[in-house]
Trainee: 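Quick one: structure below, then a few questions.
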Number of protein chains: 2
Amino acid sequence: MEELDQTDRRILRALRRDGRLSNTKLAEEVGLSTTPCWNRVRALEERGVIEGYTALLNQQALGLPDTVIIEVTLERHDDDMLVRFGEALAGLPEVMEAYLLTGEYDYLIKVAVAGTAGYEEFLRRKLYKLPGIRHSRSTFVLRCLKRAHSVEP
Amino acid sequence: MEELDQTDRRILRALRRDGRLSNTKLAEEVGLSTTPCWNRVRALEERGVIEGYTALLNQQALGLPDTVIIEVTLERHDDDMLVRFGEALAGLPEVMEAYLLTGEYDYLIKVAVAGTAGYEEFLRRKLYKLPGIRHSRSTFVLRCLKRAHSVEP
DNA sequence: GTTGAAAATGCTCGACG
DNA sequence: CGTCGAGCATTTTCAAC
């Protein structure tokens with residue numbers, strides 16, 4: 001995989017800040033003319049450096065103002081179990097992020113809910129319906145201090 | 001704050017999937033003509049439902065393929081300490097997310113690093129330079145199962 | 001909310017340092 | 001590799017309905 005030069009990184013920074021920048025404005029911002037700028041953007045997309053573009057939506061406005069971190073361990077750890085459980089987690093719309101981990105717990109998930117009532121409902125109606133959970137541990141988020149949607153170029 | 005009707009939600013879903021959709025294509029997709037579609041999008045932006053647009057960048061391509069979850073507790077918990085520590089965390093470029101928590105640990109942060117070497121360097125050069133840490137606990141992410149950048153409309 | 005047309009913008013491609 | 005410039009397509013914008 002090829003290296004990213006300083007110009008590529010400036011393009012990425014600009015598009016991370018505003019994913020809707022037109023090629024014209026982007027070129028101006030990074031100090032290039034439109035043609036090479038457009039070629040670079042297309043190359044970055046095709047190489048998978050840019051995975052896509054998305055609108056950032058406000059959780060609160062969508063009725064799910066609270067965030068809970070839930071760590072989960074399974075009863076068994078055969079391949080089949082891990083795959084099925086992971087897929088089931090990813091399928092739940094309340095689950096915003098889900099990771100398979102090293103260490104004490106098998107999974108860490110970040111869930112959007114509406115208060116403790118929404119949290120309880122999620123546990124009972126969704127998470128605890130999944131088979132194979134040995135133990136889970138929940139932590140409410142009091143405040144979000146930072147939430148970047150990509151690593152900084 | 002006003003409610004979101006089904007059309008608003010369809011607009012949000014489309015823009016979450018592709019943040020660069022033109023108003024024309026968006027209108028077509030949600031079954032509206034361009035004018036009311038554009039009015040709705042602008043209203044959603046002004047109400048803060050849409051917080052912005054961003055390009056999604058590949059961590060691996062940027063040289064930070066690994067993710068570590070670090071939980072931190074502080075020695076003291078006065079207001080000043082909490083605020084300063086939170087700001088310091090948010091300022092570190094490796095830190096992708098940072099939350100103030102209830103429960104056993106005060107903070108949870110998600111950090112992008114390059115392998116164990118990058119992780120050690122982050123700890124020694126960045127995190128452990130911050131004053132006031134009593135204890136921390138790190139967990140490597142083996143695999144990302146889901147990573148939504150906004151809650152589902 | 002719809003339609004349609006004018007105006008502006010941005011994209012794409014050539015030739016050329 | 002980069003710039004410049006012009007034709008072409010889209011899109012935005014703003015009427016009237």
Side-chain angles (χ1 to χ4, degrees), chain A residues 1-58 60-63 148-153, chain B residues 1-65 114 148-153:
Chain A
M1 186 158 238
E2 292 165 37
E3 276 298 308
L4 300 167
D5 64 15
Q6 279 312 105
T7 308
D8 284 330
R9 290 185 184 271
R10 275 203 278 178
I11 289 175
L12 295 175
R13 273 196 290 275
L15 288 176
R16 197 171 82 113
R17 183 172 47 74
D18 179 3
R20 294 201 65 138
L21 273 177
S22 71
N23 186 51
T24 310
K25 289 216 199 79
L26 177 62
E28 184 181 347
E29 195 160 316
V30 302
L32 232 58
S33 61
T34 62
T35 309
C37 183
W38 190 82
N39 286 332
R40 279 170 183 268
V41 171
R42 213 166 59 96
L44 289 168
E45 287 171 354
E46 282 177 1
R47 287 163 59 189
V49 181
I50 297 176
E51 295 179 338
Y53 303 88
T54 192
L56 301 174
L57 310 182
N58 185 298
Q60 193 168 341
L62 292 167
H149 303 85
S150 296
V151 64
E152 189 155 311
Chain B
M1 186 158 235
E2 292 165 38
E3 276 299 309
L4 301 166
D5 64 15
Q6 279 311 106
T7 308
D8 284 330
R9 291 186 182 271
R10 275 203 278 178
I11 289 174
L12 295 174
R13 273 196 289 274
L15 287 176
R16 197 172 82 113
R17 182 171 48 73
D18 179 2
R20 293 202 64 138
L21 273 177
S22 71
N23 187 52
T24 310
K25 290 217 200 78
L26 177 62
E28 183 181 346
E29 194 160 316
V30 303
L32 231 57
S33 60
T34 61
T35 309
C37 183
W38 190 83
N39 286 331
R40 280 170 183 269
V41 171
R42 212 167 57 98
L44 289 167
E45 287 171 356
E46 281 177 0
R47 287 162 59 187
V49 180
I50 297 176
E51 295 179 338
Y53 303 88
T54 192
L56 302 175
L57 310 182
N58 186 298
Q59 256 183 257
Q60 193 167 341
L62 292 168
L64 299 169
H149 302 85
S150 296
V151 65
E152 190 155 310

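Note that these values count all heavy atoms, side chains included, but never hydrogens, waters or copies made by symmetry. Order of the sequence lines fixes the chain letters, A, B, ..., with proteins taken first and strands second; residue numbering starts at 1 for each chain.
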Trainee: Which is it for Glu46(B) and Arg42(B) under the salt bridge (charged side-chain N to carboxylate O under 4.0 Å, His left out) test, yes or no, and what are the steps along the way?
Mentor: CA-CA 6 Å; Glu46(B) 281 177 0; Arg42(B) 212 167 57 98; 3.4 Å; yes
Trainee: Nearest whole Å is fine: how far is dG2(D) C1' from Asp8(A) CG?
Mentor: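 Value for this atom pair: 14 Å.
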Trainee: Between Pro36(B) and Thr34(A), just flag the one whose closest nucleotide in DNA chain C comes earlier from the 5' side.
Mentor: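 Upstream on the strand: Pro36(B).
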Trainee: Rounded to whole Å, please give me the gap between CG in Asn39(A) and C1' in dC13(C).
Mentor: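 Rounded to the whole Å, the gap is 11 Å.
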Trainee: By the definition side-chain contact (heavy atoms from CB on, under 4.5 Å), identify the one residue from Asn23(A), Thr24(A), Leu26(A) that meets it with Trp38(A).
Mentor: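 Between Trp38(A) and the candidates, side-chain contact (heavy atoms from CB on, under 4.5 Å) is satisfied uniquely by Asn23(A).
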Trainee: By nearest atom, which of the nucleotides dT13(D), dG10(C), dT3(C) is closest to the Thr24(A) side chain?
Mentor: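 Closest of the options to the side chain of Thr24(A): dG10(C).
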Trainee: Under 4.0 angstrom, heavy atoms only, what part of the nucleic acid is Ser22(B) near: base, sugar-phosphate, or nothing?
Mentor: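 Sugar-phosphate, backbone atoms only, no base.
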Trainee: Nearest whole Å is fine: how far is dC13(C) P from Asn23(A) CG?
Mentor: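 Rounded to whole Å, this separation is 13 Å.
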Trainee: If I take atom CG in residue Leu32(A) and atom P in nucleotide dG10(C), what distance separates them, rounded to the nearest angstrom?
Mentor: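 Nearest whole value for this atom pair: 17 Å.
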Trainee: Hey, is Arg16(A) close enough to Glu152(A) for a salt bridge, meaning N to O under 4.0 Å?
Mentor: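 Yes.
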Trainee: For the side chain of Thr35(A) and the base of dC13(C), is some donor closer than 3.5 Å to an acceptor across the two?
Mentor: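 Donor-acceptor pair under 3.5 Å: yes.
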Trainee: Given atom CZ of Arg20(A) and atom C1' of dT11(D), what is their separation to the nearest angstrom?
Mentor: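 Rounding to the nearest Å, CZ of Arg20(A) and C1' of dT11(D) are 11 Å apart.
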Trainee: Figure out the CD1/P separation between Ile11(A) and dG2(D), and round it to whole Å.
Mentor: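 Atom CD1 in Ile11(A) sits about 9 Å away from atom P in dG2(D).
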Trainee: How long is the line joining CZ of Arg40(B) and P of dT2(C), in whole Å?
Mentor: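 Distance, rounded to whole Å: 10 Å.
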Trainee: Would you say the side chain of Leu12(B) lies within less than 4.5 Å of the side chain of Leu62(A), judging by non-hydrogen atoms?
Mentor: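 The answer is yes; the side chains approach within 4.5 Å.
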Trainee: Could you tell me whether the phosphate oxygens of dT9(C), OP1 or OP2, come under 4.0 Å of any side-chain nitrogen or oxygen in Lys25(A)?
Mentor: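 Looking at the OP1 and OP2 atoms of dT9(C), neither is under 4.0 Å from any side-chain N or O of Lys25(A).
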Trainee: Starting from C1' on dT2(C), measure out to CH2 on Trp38(B) and report it in whole angstrom.
Mentor: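 Between C1' of dT2(C) and CH2 of Trp38(B): 17 Å.
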